[in-house]
Amino acid sequence: MDTETALEFVKQGTTLLLLDVPQYTLIGIDTQMFSSGPNFKGLKMIPPGIHFIYYSSSNRDGREFSPIVGFFINANPSQIIVRIWDQKEERLVRLSEEEEERYSNAVKRLEFDKQLGPYTLSQYGEWKNLSNYITKDTIEKLEPIGGEISVVCESDMVGKFSKTAMDKALAEQLKNSKFSIPEDTSQKRVCYYTTIPRVVKQKGLCGKDLSNLNLDKTQLLESILMKEYGGDEDALLAELQFAFIAFLMGQSLEAFVQWKLLLSLLFGCTESPLYSRSRLFTKFIKVVYYQLQFGFQRDRKDASAVPEGVSLLDESWLSSDSFLHHLCKDFFSVVLEAPVVDGDLLSWVRRLKTLLDESFGWKFQQNNEGGVISFDDDDEYAPVVEILDDDIYRE
């Protein structure tokens with residue numbers, strides 16, 4: 001890139017000025033992660049739009065790291081965002097308006113230019129595939145008070161959801177961290193995710209009808225879409241992307257749980273993918289394709305910046321008994337064995353299946369009972385069906 005073009009990117013792009021960040025601190029933006037050096041002052045040439053900033057402080061030799069803290073931003077052209085490192089709390093904090101204006105003017109005069117690392121524009125397309133549905137409204141709706149997302153604020157969830165290897169690793173990290181002091185429960189800084197019930201309960205239904213509602217989550221999906229998202233399919237996909245990013249980059253246990261619940265909801269539908277919501281499910285499979293493609297890639301160009309113990313997706317998910325394998329297996333059967341299916345949906349399902357086959361060695365056998373979905377006894381994400389007496393609903 002020539003000097004004139006680079007200068008134009010600097011002027012038009014967003015600048016993230018990070019003051020007094022200790023050496024060896026991990027700093028991430030989107031799919032990029034860096035280890036700060038002694039002269040590091042932030043990032044420049046950030047494309048306008050949605051981004052996720054995350055960081056983790058280290059000890060003096062850069063071998064041990066605190067839980068990650070992250071936050072979303074909606075960057076405007078030529079915007080300058082300033083944060084300073086609070087040595088006592090070991091986190092980035094805002095400055096007063098007067099100080100922020102003073103530093104912003106210094107950035108405009110290019111006084112910090114040599115100490116600002118450039119955003120790697122070649123990876124921007126990868127980030128857009130992971131975040132293209134997230135908007136300013138998504139962030140304002142879901143982000144916690146203060147905007148910071150961290151497993152440190154989720155200590156009450158650790159005991160409830162420590163099932164997978166990644167859950168347990170996060171729990172152990174939180175337990176041993178100097179940040180594991182209980183938070184003030186009067187202001188819990190957790191995200192405002194949509195409630196996704198795993199079990200459908202409806203008054204007046206007999207046992208058979210209740211079972212059908214839980215085996216095919218189409219009606220539950222329609223109810224949630226209308227009630228929680230005002231019928232906006234893209235808003236649901238935005239929350240799926242928000243949760244994945246907060247979980248993958250931010251290491252949030254709460255986000256991990258929400259991501260799995262949303263996957264279970266959408267993969268658990270058998271009617272709407274083929275009839276009423278083919279377009280939604282085409283977009284959904286495309287979103288999941290890019291999430292898994294990025295999350296499970298093993299050869300990252302910037303892998304040297306990621307310390308030992310900080311990973312993307314848990315390797316145990318590559319096994320054939322993972323929750324992802326079960327969800328994909330049954331959904332693939334619904335689509336691939338259907339007599340009539342939307343062409344775009346079929347194309348993306350085949351593409352996702354090929355990714356899982358070739359990258360992870362997953363083999364998906366077709367069902368032998370005319371497309372009827374079957375579940376293993378130990379399948380954690382199979383529908384939980386409760387057969388309730390009608391008397392229970394009588395008042």
Side-chain angles (χ1 to χ4, degrees), residues 70 130-131 133-134 138 142 149-151 154 156-171 174 190-200 214-217 220-221 224-225 228-229 235-270 273 280-281 283-296 311-332 352 355-356 360 362 373 375-376 378-385:
L130 297 175
S131 63
Y133 290 106
I134 300 176
T138 307
L142 300 177
I149 299 171
S150 176
V151 71
E154 303 165 7
D156 59 331
M157 298 185 65
V158 173
K160 299 177 183 178
F161 298 104
S162 298
K163 297 178 180 180
T164 69
M166 175 166 278
D167 295 341
K168 293 176 182 177
L170 285 171
L174 180 60
V190 295
C191 292
Y192 295 91
Y193 292 120
T194 302
T195 300
I196 310 292
R198 286 193 58 200
V199 182
V200 181
N214 282 277
L215 289 171
D216 179 5
K217 295 186 177 179
L220 176 60
L221 173 62
I224 291 174
L225 268 174
E228 304 294 343
Y229 301 101
L236 185 151
L237 297 174
E239 183 164 341
L240 179 67
Q241 290 185 330
F242 182 104
F244 180 80
I245 292 165
F247 141 59
L248 186 70
M249 286 80 167
Q251 299 287 285
S252 165
L253 181 57
E254 179 193 31
F256 179 41
V257 171
Q258 184 68 8
W259 182 65
K260 290 197 293 184
L261 287 172
L262 286 167
L263 288 184
S264 293
L265 170 65
L266 289 158
F267 275 129
C269 295
T270 59
L280 166 62
F281 279 87
K283 294 186 290 185
F284 163 63
I285 293 299
K286 192 173 180 179
V287 166
V288 173
Y289 175 88
Y290 286 122
Q291 289 181 344
L292 298 185
Q293 183 187 55
F294 174 76
F296 281 123
S311 58
L312 295 181
L313 293 183
D314 192 274
E315 289 292 323
S316 66
W317 293 6
L318 303 180
S319 66
S320 59
D321 62 349
S322 68
F323 81 96
L324 271 175
H325 183 276
H326 287 297
L327 291 174
C328 291
K329 175 190 67 175
D330 296 316
F331 186 81
F332 290 168
L352 177 59
L355 173 70
L356 300 177
F360 318 137
W362 288 2
I373 297 178
F375 299 95
D376 298 332
D378 59 350
D379 185 353
E380 177 191 353
Y381 279 83
V384 179
V385 183

Okay, side chain of E228, backbone of L236: is any donor-acceptor separation there less than 3.5 Å?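 Flag not set: sc E228 to bb L236 has no pair under 3.5 Å.
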
Indicate the ring-plane relationship of W259 and F244, choosing parallel, tilted or perpendicular according to the 30° and 60° boundaries.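 Judged by the thresholds at 30° and 60°, the geometry between W259 and F244 is tilted.
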
Nearest 0.5 angstrom please: [X] [atom1] to [Y] [atom2], how far?
X	Y	atom1	atom2	answer
L142	Q258	CG	CD	8.5 Å
D330	F332	CG	CZ	10.5 Å
F323	L263	CZ	CG	6.0 Å

Closest non-hydrogen atom pair, [X] against [Y]:
X	Y	answer
Y133	Q241	N-OE1, 2.9 Å
C328	L356	SG-CD1, 3.8 Å
G295	L248	CA-CD2, 4.5 Å
A255	A246	CB-CB, 3.7 Å
M249	L130	CE-CD1, 4.2 Å
I134	A238	CG1-O, 3.7 Å

Would you say the side chain of F281 lies within less than 4.5 Å of the side chain of L221, judging by non-hydrogen atoms?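 In short, these two side chains touch, coming nearer than 4.5 Å.
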
May I ask you to check whether F284 and F267 place their ring centres under 6.0 Å from each other?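 Ring centres of F284 and F267 closer than 6.0 Å.
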
For the NZ atom on K283, are there more than 12 heavy atoms of other groups (residues, nucleotides or ligands in this structure) within a distance under 6.0 Å?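 Yes.
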
Taking side-chain contact (heavy atoms from CB on, under 4.5 Å) as the criterion, tell me which of I224, L265, L266 meets it with K217.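 Going through the options one by one, the only one that passes is L265.
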
Could you walk me through whether L324 and L292 pass the side chain to side chain contact (heavy atoms under 4.5 Å, CB included) test, one step at a time? CA-CA 10 Å; L324 271 175; L292 298 185; 4.0 Å; yes

Derivation of the side chain to side chain contact (heavy atoms under 4.5 Å, CB included) call for L240 and Q291: CA-CA 10 Å; L240 179 67; Q291 289 181 344; 4.2 Å; yes

Applying side chain to side chain contact (heavy atoms under 4.5 Å, CB included), run through F242 and I149 and close with a yes or a no. CA-CA 11 Å; F242 182 104; I149 299 171; 4.0 Å; yes

Using the ring of F256 (Phe, Tyr or Trp, six-membered ring only), decide whether K260 places NZ or CZ under 6.0 Å from its centre and within 45 degrees of its axis.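 Because its charged atom sits under 6.0 Å from the ring centre and within 45° of the axis, K260 does stack over F256.
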
List the steps and the verdict of side chain to side chain contact (heavy atoms under 4.5 Å, CB included) for L261 and T195. CA-CA 9 Å; L261 287 172; T195 300; over 6 Å; no

